[in-house]
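The next block holds one structure in the form of structure tokens; read it before the comments.
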Amino acid sequence: MLIKGVPASPGIVAGKAFVLKSEALAIPKYKIPQKEITLEIKRYMDALARTRKELAGIQKKVETELGESYPDIFSAHLLILDDPTLREKTIKIIEENNINAEYAVAQVLEKIGKTFSNIADNYLRERAQDFKDVGKRILKNLLGKKEETLANLNDKVIIVAHDLSPSETAQMDKKNVLGFATDVGGRTSHTAIMARSLTIPAVVGLGDITQKVENGENIVIDGHEGVVVTNPQKSTLARYLKKRKLLAVLEKKLNKLKKAPAQTTDGHRISLMANIEMPKEVDLLERYGAEGVGLYRTEFFFLNRGDIPSEEEQFQAYKYVAERIYPLPVVIRTLDLGGDKFASILETPKEINPFLGWRAIRFCLARPDIFKTQLRAILRASMYGKVSIMYPLISALQELRQANKILEEVKRELKKDKKEFSKDIKVGAMIETPSAAITADLLAGEVNFFSIGTNDLIQYAMAVDRINEKIAYLYQPASPAVLRFIKHIIDSGHRKGVKIAVCGEIAGDINLTLMLLGLGVDELSMGPVAIPEVKQIIRSVSIEEARKIAEKAMSFDSTEKVVSYLKSVKEPLKLLYKKS
């Protein structure tokens with residue numbers, strides 16, 4: 001049986017399954033006498049303290065084994081413990097209902113889980129798993145249950161589980177874990193990030209893999225394609241083992257390209273940049289050969305905390321990235337939060353349709369106090385590297401002009417305060433809405449560059465909620481409508497001398513690399529791990545070939561025909577093996 005999931009960490013492994021059955025905690029519910037409420041709250045706070053001690057210990061272990069880049073995952077978990085949404089609401093339920101702490105914690109976690117499940121952004125939606133991980137630890141400490149770990153495995157196995165928390169992943173016996181497969185999860189979950197850092201092949205989001213695989217059953221995991229094969233026949237196993245050898249050769253080849261330019265055979269060059277969320281992820285740029293940061297998301301500052309981040313705190317983080325990668329450039333996206341994205345301190349209102357609501361640049365323009373603080377921090381950091389500013393979700397020319405007006409006000413304020421900043425800092429706009437795409441020629445007169453945010457552009461262009469499974473089939477990057485939007489944006493920007501980047505998921509999709517190259521993009525920004533393969537494909541063709549492929553792809557009247565053509569004319573996997 002072949003089961004399709006989400007590729008979380010590359011690699012191919014074959015071995016016996018170790019099925020980790022999900023432990024359902026039985027949460028008791030009982031009344032607490034009024035005179036004992038204070039003691040019950042103390043019991044809850046003691047559980048938080050024990051949980052904090054456990055997480056700090058895991059954080060130290062991870063830092064020792066993996067370096068400084070990955071303990072940030074557990075820093076986020078530690079911040080959750082102090083989140084007022086979790087702590088204060090739990091205490092409130094205990095006090096108002098005279099109820100035990102375990103039940104109160106479970107109630108709050110359920111509400112938080114529902115909030116996260118409605119978020120469109122994959123990265124933020126998957127932070128729900130972090131809340132679950134922390135919540136489970138708190139509950140176990142309240143219930144007096146010992147934590148079970150995967151640290152003492154006796155045989156080499158492939159872990160099959162409903163989900164693996166970052167802490168469970170961090171404590172695995174690496175010598176005996178060949179790979180893992182989970183029912184839930186996505187590429188941007190912290191568990192997936194941990195798997196890639198540990199170089200453990202992993203496939204997540206498999207639905208019900210724990211119900212389809214027996215303990216000790218032979219399985220194959222393909223972390224490149226995102227598939228699991230159960231009880232493989234000898235011929236199937238041989239095919240995957242052969243592919244593993246070829247990929248090992250490819251990996252060595254791609255490593256040699258780390259410092260090579262993303263340049264076609266006839267000399268046309270584009271930039272390959274990295275998308276990052278946390279400051280310390282800049283370590284990944286050198287590992288994968290990125291030419292800078294094309295998208296630095298800043299939402300993490302506003303998540304899981306009880307106050308609004310100060311100018312100084314933001315400045316230090318932006319400065320850290322700018323200095324670390326200099327002379328490479330970094331594009332810092334201003335706050336893309338509000339509406340459908342959860343941030344406890346901001347208390348954004350509930351909306352009937354958050355995807356079309358008060359978010360991103362709309363939120364920032366309505367809250368100039370928050371927006372100006374961030375702009376001040378970015379401008380100050382521009383003295384320490386090649387920093388650019390990018391506004392998210394621009395939908396009208398007046399929004400862009402208003403944002404730039406506030407930026408000029410901040411510059412005047414900094415001059416008055418005798419704070420230095422780069423005088424030639426570049427400003428860009430993310431093109432994510434049909435209105436911005438159609439008026440790209442007008443917007444181009446106000447900025448230095450565009451970055452096409454295809455994740456949202458596809459959603460809005462196709463009128464499809466990308467987290468609604470019933471209509472997920474409509475979310476098609478290669479749709480003729482989407483391709484025409486992209487082509488119009490590129491042409492409109494280039495006519496005004498504006499550089500065009502793509503920073504959505506399709507930037508790292510090797511099936512679409514040649515088409516984007518042929519359409520004329522100047523820059524692709526993606527998860528760092530995707531850069532080597534995309535670079536190899538670019539170096540395997542001429543720009544004229546790519547332009548002809550793009551022109552032909554644009555002529556088709558259906559997504560299916562576009563996809564079929566792109567796979568047949570220049571099979572991406574074959575290009576990866578082509579000699580550069």
Side-chain angles (χ1 to χ4, degrees), residues 4 7 224-226 262 264-266 268 270 431-441 450-466 468-495 500-526 530 533-576 578:
K4 181 70 176 172
H224 297 273
E225 296 294 325
T264 61
T265 55
D266 52 351
H268 181 82
I270 70 170
I431 307 299
E432 305 170 87
T433 64
S435 61
I438 291 297
T439 59
D441 58 325
F450 286 152
S451 190
I452 307 174
T454 51
N455 297 353
D456 268 337
L457 181 61
I458 296 165
Q459 175 176 243
Y460 294 133
M462 303 302 293
V464 55
D465 175 357
R466 55 192 167 105
N468 186 332
E469 294 178 359
K470 292 184 178 63
I471 54 174
Y473 68 94
L474 290 171
Y475 188 81
Q476 297 290 352
S479 158
V482 174
L483 298 187
R484 291 183 185 200
F485 267 131
I486 294 173
K487 182 73 164 67
H488 177 73
I489 296 165
I490 293 170
D491 291 345
S492 298
H494 281 170
R495 279 194 290 270
I500 309 294
V502 173
C503 65
E505 286 296 312
I506 72 169
D509 186 341
I510 60 174
N511 293 301
L512 301 176
T513 300
L514 292 180
M515 187 189 64
L516 292 172
L517 177 66
L519 287 175
V521 296
D522 304 298
E523 177 183 299
L524 295 172
S525 191
M526 64 202 74
E533 290 188 352
V534 172
K535 182 184 289 186
Q536 168 64 1
I537 287 177
I538 291 170
R539 290 174 60 86
S540 300
V541 297
S542 69
I543 188 61
E544 287 307 315
E545 285 180 278
R547 284 170 180 159
K548 287 177 182 177
I549 289 167
E551 185 178 353
K552 182 69 174 176
M554 292 287 293
S555 71
F556 292 111
D557 60 8
S558 74
T559 302
E560 292 74 21
K561 289 178 183 178
V562 174
V563 171
S564 177
Y565 169 71
L566 291 175
K567 285 186 175 180
S568 66
V569 70
K570 287 286 183 183
E571 189 177 339
L573 198 58
K574 288 182 180 178
L575 286 179
L576 289 177
K578 186 175 178 181

Notebook entry, point to check: E544: what forms a salt bridge (Lys or Arg N to Asp or Glu O under 4.0 Å) with it, not counting sequence neighbours?
Noted result: R547
Item checked: Residue list, salt bridge (Lys or Arg N to Asp or Glu O under 4.0 Å) with D266, at least two apart or on another chain ->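 D266 satisfies salt bridge (Lys or Arg N to Asp or Glu O under 4.0 Å) with no residue once adjacent residues are dropped.
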Next item on the list: Provide the closest heavy-atom pair for G453 versus C503 in the form atom of the first, atom of the second, distance.
Entry: CA-SG, 4.1 Å
Next item on the list: Taking all non-hydrogen atoms of both residues into account, name the closest pair between P434 and Y460 and its distance.
Entry: CD-CB, 3.5 Å
Next item on the list: Please list, chain by chain and in numerical order, all residues satisfying side chain to side chain contact (heavy atoms under 4.5 Å, CB included) with K487, sequence neighbours excluded.
Entry: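 If we apply the side chain to side chain contact (heavy atoms under 4.5 Å, CB included) test to K487, skipping adjacent residues, the hits are D491, L519, M554.
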Note to self: For T439, give me all partners under side chain to side chain contact (heavy atoms under 4.5 Å, CB included), at least two apart in sequence or on another chain.
What the structure shows: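 So T439 forms a side chain to side chain contact (heavy atoms under 4.5 Å, CB included) with L442, L443.
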Non-hydrogen side-chain atoms of [X] and [Y] separated by less than 4.5 Å:
{"X": "V534", "Y": "M526", "answer": "yes"}
{"X": "L566", "Y": "I549", "answer": "yes"}
{"X": "V541", "Y": "T265", "answer": "no"}
{"X": "E225", "Y": "P7", "answer": "no"}

For [X], check side chain to side chain donor-acceptor pair (under 3.5 Å) against everything at least two apart and list the hits.
{"X": "H268", "answer": "none"}
{"X": "T559", "answer": "none"}
{"X": "K552", "answer": "none"}
{"X": "T454", "answer": "none"}

Distance from [X] atom [atom1] to [Y] atom [atom2], nearest 0.5 Å?
{"X": "I458", "Y": "I506", "atom1": "CD1", "atom2": "CD1", "answer": "5.5 Å"}
{"X": "R495", "Y": "I490", "atom1": "CZ", "atom2": "CD1", "answer": "11.5 Å"}
{"X": "I510", "Y": "E533", "atom1": "CD1", "atom2": "CD", "answer": "5.0 Å"}
{"X": "I438", "Y": "I489", "atom1": "CD1", "atom2": "CD1", "answer": "8.5 Å"}
{"X": "I537", "Y": "T513", "atom1": "CD1", "atom2": "OG1", "answer": "4.5 Å"}
{"X": "D509", "Y": "L516", "atom1": "CG", "atom2": "CG", "answer": "8.5 Å"}

Next item on the list: Kindly indicate, with the supporting measurements, whether the criterion side-chain contact (heavy atoms from CB on, under 4.5 Å) is fulfilled by V563 and N511.
Entry: CA-CA 8 Å; V563 171; N511 293 301; over 6 Å; no
Note to self: Before you tell me yes or no, could you show the steps for L517 and T264 under side-chain contact (heavy atoms from CB on, under 4.5 Å), namely the whole-Å CA-CA distance, both residues' side-chain angles and the distance that decides it to 0.1 Å?
What the structure shows: CA-CA 10 Å; L517 177 66; T264 61; 3.9 Å; yes
Note to self: Run the side-chain contact (heavy atoms from CB on, under 4.5 Å) test on E551 and S555 for me, step by step, so that the C-alpha distance in whole Å, both residues' side-chain angles and the decisive distance to 0.1 Å come before the verdict.
What the structure shows: CA-CA 7 Å; E551 185 178 353; S555 71; over 6 Å; no
Checklist line | Listed once per pair and sorted, the ring-ring contact (aromatic ring centres under 6.0 Å, His included) pairs that draw on residues 539-563, sequence neighbours left out | finding: F556-Y565
Item checked: Worked verdict on E545 versus S542 for side-chain contact (heavy atoms from CB on, under 4.5 Å) -> CA-CA 5 Å; E545 285 180 278; S542 69; 3.2 Å; yes
Next item on the list: Hey, could you give me each pair passing salt bridge (Lys or Arg N to Asp or Glu O under 4.0 Å) that has a residue in residues 514-523? Not counting sequence neighbours.
Entry: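 Passing the test, one end in residues 514-523: K499-E523.
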